[in-house]
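Right, one structure below, let's go through it.
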Amino acid sequence: MKKSSSVLLSAPLALALLVTVLVGPLQASAASITATGVHQGWAKSAHRVRPHANNLLYHGGPVMGGTAHAYAIFWEPNGWYVSPTYNSLITRYFNDISGSQLYHNNIQYHDSSGNFASNVVLSGTYVDKTPYPSNPISDAQVQAEVTHARAVNGWATSTYNVFFVFTAKNESICISPFVCSFTTFCGYHGFYGTGTIYAAIPYTGTSLGGCGVPASPNHDIDADSTINVTSHEQNEAATDPFLDAWFDTSGNEIGDKCDFNFGPTLLSGGDVVFNGHPYEVQKEWDNLKGRCVLSGP
């Protein structure tokens, strides 16, 4: 199975790097997992992706047609740090992104049945105080956390459901021994088992030099930076949930082609305003215009 990862990077022009990782079986509690795939987004210091002239191409897979459901899993054991407004700002973003012009850009990326991502809602949040099994944690352990949160909350697997795992400061995630958060990537999305779609979002404040945004409209640089990574992965999951839908000839998804490409700073302090609230989020690729945009067709 093809796995790709979306990482936020900045740096010189270079060809996109598609990371394909086959992960072994999870712990016994997740023994039913038979397949997995991830697509990472680059950290600034490891940037491989810049806008290319070629558009995204359709490869036959499904998209998150209609209304997608986002679930936020805040994995924050006792004694680990997150900023005071971290969770609340991320939750607010999930409630604000629906109806935004940025998410509306996804409507041009339809599947073979004509379905396209038109809306998204926050359908659940969960704060887990369970200790981390290690530092760094592996992709298999991130998947196990998703499985655990789904079991605790009764959340179902669906083509329209995506589960975001947010970790605390200084906890790293590694897809493989040499592909880790902050040095290589800022976040990634993927799927496992019979179609559980998820995204891993490390705490960007661990390395603002690798994953930080240039402006903090909500006066919480850690949360603002993580929201940017979340937006990148959310739009990619909507248009390429199983890594077989929309990406270009180099393997770049809708967010990769505009990695860390922001708009001008508005009076609000960010580059967009969603539902009356300011955010600093990167642009996404628009096939119709052939460039990166903050507002879709």
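- Taking both residues in full, the closest heavy atoms of Val229 and Cys186 are given as CG1-O, 3.4 Å, listed atom of the first, atom of the second, then distance.
- In this structure, CG on Asn275 lies 10.0 Å from OG on Ser100, to the nearest 0.5 angstrom.
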I would like to know whether Phe74 and Ile90 meet side chain to side chain contact (heavy atoms under 4.5 Å, CB included); could you show each step before the answer?
CA-CA 10 Å; Phe74 297 102; Ile90 291 170; 4.0 Å; yes
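- A side chain to side chain contact (heavy atoms under 4.5 Å, CB included) with Ser83 is found for exactly one of Ile221, Asp220, Asp224, Thr226, namely Asp220.
- Judged as a salt bridge (charged side-chain N to carboxylate O under 4.0 Å, His left out), and not counting sequence neighbours, Asp286 has no contacts.
- For the pair Ser216/Glu280, no side-chain contact is recorded, criterion being any heavy-atom separation below 4.5 Å from C-beta on.
- One side chain, Arg92 or Tyr279, offers a donor N or O that lies under 3.5 Å from an acceptor on the other.
- Scanning both residues, Gly187 and Pro202, for their nearest heavy atoms gives CA-CD, 4.0 Å.
- Residues Tyr160 and Ile97 fall into different hydrophobic clusters, defined by Ile, Leu, Val, Met, Phe, Trp and Tyr side chains chained together at heavy-atom separations under 4.5 Å.
- Listed for the Ser98 side chain is no donor-acceptor partner under 3.5 Å among the backbone atoms of Asn119.
- In the hydrophobic clustering of this structure, Leu102 does not group with Leu288; members are Ile, Leu, Val, Met, Phe, Trp, Tyr whose side-chain heavy atoms approach within less than 4.5 Å, directly or through other members.
- By the 4.5 Å heavy-atom criterion applied to side chains, Phe94 and Phe164 are counted as neighbours.
- When the side chains of ILVMFWY residues are joined at heavy-atom separations under 4.5 Å, either directly or via intervening members, Phe262 and Leu208 end up in a single hydrophobic cluster.
- Between Asn170 and Tyr81 there is no side-chain heavy-atom pair separated by less than 4.5 Å.
- In this structure, Ser172 and Ser181 have side chains that are in contact, with non-hydrogen atoms separated by less than 4.5 Å.
- Note that CG of Leu122 and CG of Asn95 are 5.0 Å apart. Values are rounded to the nearest 0.5 Å.
- Between the side chains of Gln101 and Asn105, not a single donor N or O lies within less than 3.5 Å of an accepting N or O.
- A heavy-atom distance below 4.5 Å is found between the side chains of Lys257 and Leu56.
- Checked against Glu76 for a side chain to side chain contact (heavy atoms under 4.5 Å, CB included), the options Asn87, Thr167, Thr130 give a single hit: Asn87.
- Ring geometry for Tyr71 against Trp155 counts as tilted: the plane angle lies between 30° and 60°, on a 0 to 90° scale.
- Of the possible donor and acceptor atoms, none in the side chain of Ser113 sits under 3.5 Å from a partner among the backbone N and O of Asn115.
- Ring centroids of Tyr203 and Trp80 are separated by 6.0 Å or more, keeping the two rings apart.
- A perpendicular orientation is assigned to the rings of Phe242 and Phe191, their planes being inclined by more than 60° (bins at 30° and 60°).
- Atom NE2 of His69 is surrounded by more than 12 heavy atoms from other residues, nucleotides or ligands within 6.0 Å.
- For the residue pair Val165 and Val146, the shortest heavy atom distance occurs at CG2-CG2, 3.4 Å.
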Under the side chain to side chain contact (heavy atoms under 4.5 Å, CB included) criterion, do Glu145 and Asp128 qualify, and how do the steps go?
CA-CA 9 Å; Glu145 175 63 9; Asp128 189 2; 2.6 Å; yes
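- In the hydrophobic cluster analysis, where Ile, Leu, Val, Met, Phe, Trp and Tyr join through side-chain heavy atoms closer than 4.5 angstrom, Val63 is grouped apart from Val121.
- Side chain of Asn252 to main chain of Asp256: no donor-acceptor pair is present (N/O by atom type, distance under 3.5 Å, no hydrogens or angles).
- One side chain, His148 or Tyr126, offers a donor N or O that lies under 3.5 Å from an acceptor on the other.
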Residues Cys211, Phe182; criterion side chain to side chain contact (heavy atoms under 4.5 Å, CB included); working and verdict:
CA-CA 7 Å; Cys211 300; Phe182 313 121; 4.0 Å; yes
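- Annotation: side chain of Pro131 is not in contact with side chain of Asn78 (no heavy-atom distance under 4.5 Å).
- Interatomic distance, OG1 of Thr206 versus CD of Glu171, reported as 9.0 Å (0.5 Å rounding).
- Remark: the backbone N or O of Cys292 is not paired with any side-chain donor or acceptor of Asn261 at under 3.5 angstrom.
- Closest non-hydrogen pair, Ile73 versus Phe163, comes out as CD1-CB, 4.2 Å.
- Proximity of a side-chain donor or acceptor of Ser138 to a complementary backbone N or O of Gln141 within less than 3.5 Å is detected.
- The distance from the OG atom of Ser250 to the CG atom of Asn54 is 5.5 Å, given to the nearest 0.5 Å.
- Phe166 and Ala72 make their closest contact through CE1-CB, 4.0 Å (heavy atoms, listed as atom of the first residue, atom of the second, distance).
- Taking both residues in full, the closest heavy atoms of Pro217 and Ala215 are given as CD-O, 3.5 Å, listed atom of the first, atom of the second, then distance.
- A side-chain donor-acceptor contact under 3.5 Å links Tyr109 to the backbone of Asn287.
- Note: Trp75 and Tyr132 meet the aromatic proximity criterion, with ring centroids under 6.0 Å apart.
- Residues Asn106 and Asn235 have side chains that bring a donor and an acceptor to within less than 3.5 angstrom of each other.
- Counted by atom type alone, His232 and Glu284 present zero donor-acceptor pairs between their side chains at under 3.5 Å.
- In this structure, OG1 on Thr91 lies 12.0 Å from OH on Tyr93, to the nearest 0.5 angstrom.
- Side chain to side chain, Ser231 and Gln282 fail the donor-acceptor criterion of an N or O pair below 3.5 Å.
- Looking only at side-chain heavy atoms (C-beta outward), Leu266 and Val272 stay at 4.5 Å or farther from each other.
- Under the 3.5 Å distance criterion, with hydrogens and angles disregarded, a donor-acceptor pair is assigned to the side chains of Asp139 and Tyr188.
- Counting heavy atoms from C-beta outward, Phe247 and Leu57 have side chains that stay 4.5 Å or more apart.
- The distance between the ring centers of His189 and Tyr198 does not fall below 6.0 angstrom.
- In this structure, the separation between CD on Gln234 and OG1 on Thr239 is 11.0 Å, given to the nearest 0.5 Å.
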Might you work through the side chain to side chain contact (heavy atoms under 4.5 Å, CB included) test for Trp246 and His59, ending with a clear yes or no?
CA-CA 6 Å; Trp246 289 93; His59 294 80; over 6 Å; no
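- The cluster map of Ile, Leu, Val, Met, Phe, Trp and Tyr, joined by side-chain heavy atoms under 4.5 Å apart, puts Ile254 and Tyr58 in the same cluster.
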